[in-house]
Amino acid sequence: MRIVLFASRLPKQPVPPRPRCSLFHTNNTLVPPPATEDLFAANHLLNAHAKRGHMRLAHQAFAEMPHKNVVSWTILISAYARSGKLAESFRLFSQMLSYCWPNEFAYSSLLSVCDYPHGVQIHGFALRTGFDASIYVSNALMTMYWNSHSCTAGVDAWRVFDAMHLCNIVTYNSMIAGLGMHGQGDTAMKFFTIMLRDGMEFDRTTFLTLISSLCAIDGGSSKIVGLQRCMQLHSISVKAGFNDVGVATALIKVYSSLGQDIDACRKLFSGTSDMYRDILLWTATMTAFAEREPEQALSLFNQMRRQGLCPDCYVFSILLKACAGLVREINASAVHCQVVITGFADILEIGNALIHAYARSGLIDNAEQVFCEMPSRDVIAWNSMLKAYAVHGRAEEALALFNLMDVAPDETTFVAVLSSCSHGGKVNEGREIFNSMSEKYGIAAHLDHYACMVDMLGRSGHLSEAESVINKMALQPDYVIWSAFLGACRKHGETKLANLASSKLKELGPENSLGYVLTSNIYCLASSFDEGGSVRRKMDRVGVRKEPGLSWTEVGNQVYEFASGGRRHPQLKAIRGHMQELLRQLKEIGYVPYTSSVFFDVEEEHKEEQLYHHSEKLALVFSLMNYPRGRGNVIKIIKNIRICEDCHNFMRLASKLAEMTIVVRDANRFHHFKRGACSCNDHW
Ligand code: ZN
Ligand code: ZN
């Protein structure tokens, strides 16, 4: 169908004269007319060599042809273009002009390999020869512009599109793909609706490009809009009967990248037939589960292996990401074994993922070993190790490693080093590194760096310095910075500064609960319970919920989950009994409940009661009930939010009483409690 959108055609240039027809040899003897069958056979031979990628043979056959026509030239140009050789394709195209007139396929083949400057030349030539009117040439021009890295790529592609009198499905698909590629997912969707309105039918390629463009939502749109669009496209795919593995893979990728709908991924995966599942589908599904349901990702990996598919490097890095979120450290080691067996151990990305997985599983020594044995290290490897030291509170090691770096540090390096300083209480070193960032390395401080500085200064009681860092910032302080400042005010009981921080937090993100919780805590600390209560009531009114505390621990090869309050736990009665006994013993060695962590103005006794039901305490008591006490034994607990001050104190003394090491990984870092002290030196 003919479609004219937006603009008129570009004015035509006078067509240059056709190239001279070479009827004579150079010695002025007449060239005999070619036998059509011979030329046909010779082109076939040339095509056979070219299609197989035997370029030397193809070139030889081409050179030996006594007669060549436009097909012969086009075959050779296309073959060079397919192998990405721009210079050869371009040279052949210009040589061809002395013999015969290029056809639209020669143009489109050449354009498929052109960069922006060469593409513009071919565009100009097509305008002069009138070939810009060819749908093949226009489609190729559009794709060339979208693929180019020019800042005017979009404008040029739109100009070609607007000038087209005739469009086909390839035209629309190229435009949708280009818009998606340039981060204009919203416009791609609008374009799709224009396409439907114009009565153009879409195909599977349209659908796949459109789904991928959803990952590139325009700045103004939120992930929720992206998710709605994804659901709309999902329903269109069902109606259109696109239910193959490729479409399912694309939809799973978008659902998981939008981070919202894990159940949709589950349904899409189970809707595909076992025999058609390929490595791409398995990888996309594992990626979707890796962070939110890591056990499921591991189980998918086992299913994949049972189906006889061999994992690749990418699958292993996803798997290691999943291991980083699991309680059991044995998973990381098991995947490491598989990596070694399959020969991927020396791959840089795998090494980096291993460091991260081991560090998050609490096996910092294994992470160090992987780092030391890496055949080469990029900045990500150094950053992974620095981050590992940061979460384990090993500031000394982090600073030493930073001094050993043999690659240029980047922004992430400084976030890792500064957070190490913050967790390790190394204020002077932190200040020095922060100043050296711009002075020595020419890296401008970002919000994350400022957040680390504010956190570091705040924790160590330099509140006025932290405030002046915020005031002098070149950027607008964000939620994280004010939260860190508010946390520091809470720790040091500074209600006046806390008021300022909390009002800033409310301005920035009323939907986030942390600010309200911290403010409420500060009021409670200052014993102004009425105000503390009013903050909590306001939280309820505006629909803010405190994230429920959850802890996990492993006993006898099984992982147990504990929710704050523990009411649903089947062994609650036994746990409470053991808790009373443990509390009695702990109080004997100096445990005093830190009831300021409890919000409301309730009786002291009830406050204590609430404290004892924090999920990590329940997990610890349950572990002690089922695990022999004694030196050398380690209890590991993972907590989804930050450990509170009372639980920190509780764990510290429990490690002394039970003569055990207790390792707690909270939302921020690791705490290794041993003989009544914590690795964080109470700087968490
Ligand atoms: Zn607690
Ligand atoms: Zn600690």
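FYI, the numbering just counts along the sequence from 1. Everything quoted here is computed from the prediction, not taken from an experiment. We count ligands from 1, going down the list as the structure has it; atoms in each ligand are counted the same way.
- Checked by atom type and distance alone, the side chain of Ser422 never pairs as donor or acceptor with a backbone atom of Leu418 at under 3.5 Å.
- When distances to the Zn ion (ligand 2) are checked against a cut-off of 2.8 Å, Cys678 contributes an N, O or S atom below that limit.
- Not a single N, O or S atom of His648, from either the backbone or the side chain, sits less than 2.8 Å from the Zn ion (ligand 1).
- Judged by distance alone, the side chains of Thr413 and Asp410 do bring a donor and an acceptor atom under 3.5 Å apart.
- Applying the ring-ring contact (aromatic ring centres under 6.0 Å, His included) test to Tyr450 and every residue at least two apart in sequence or in another chain returns Phe434.
- Rounded to 10 degrees, the ND1-metal-SG angle spanning His614 and Cys647 at the Zn ion (ligand 1) equals 110°.
- Centred on the Zn ion (ligand 2), the angle running from Cys680 (SG) to His671 (ND1) is recorded as 110°, rounding to 10°.
- For residues 355-367, the side-chain hydrogen bond (donor to acceptor under 3.5 Å, both in side chains) pairs, not counting sequence neighbours, are His336-Tyr358.
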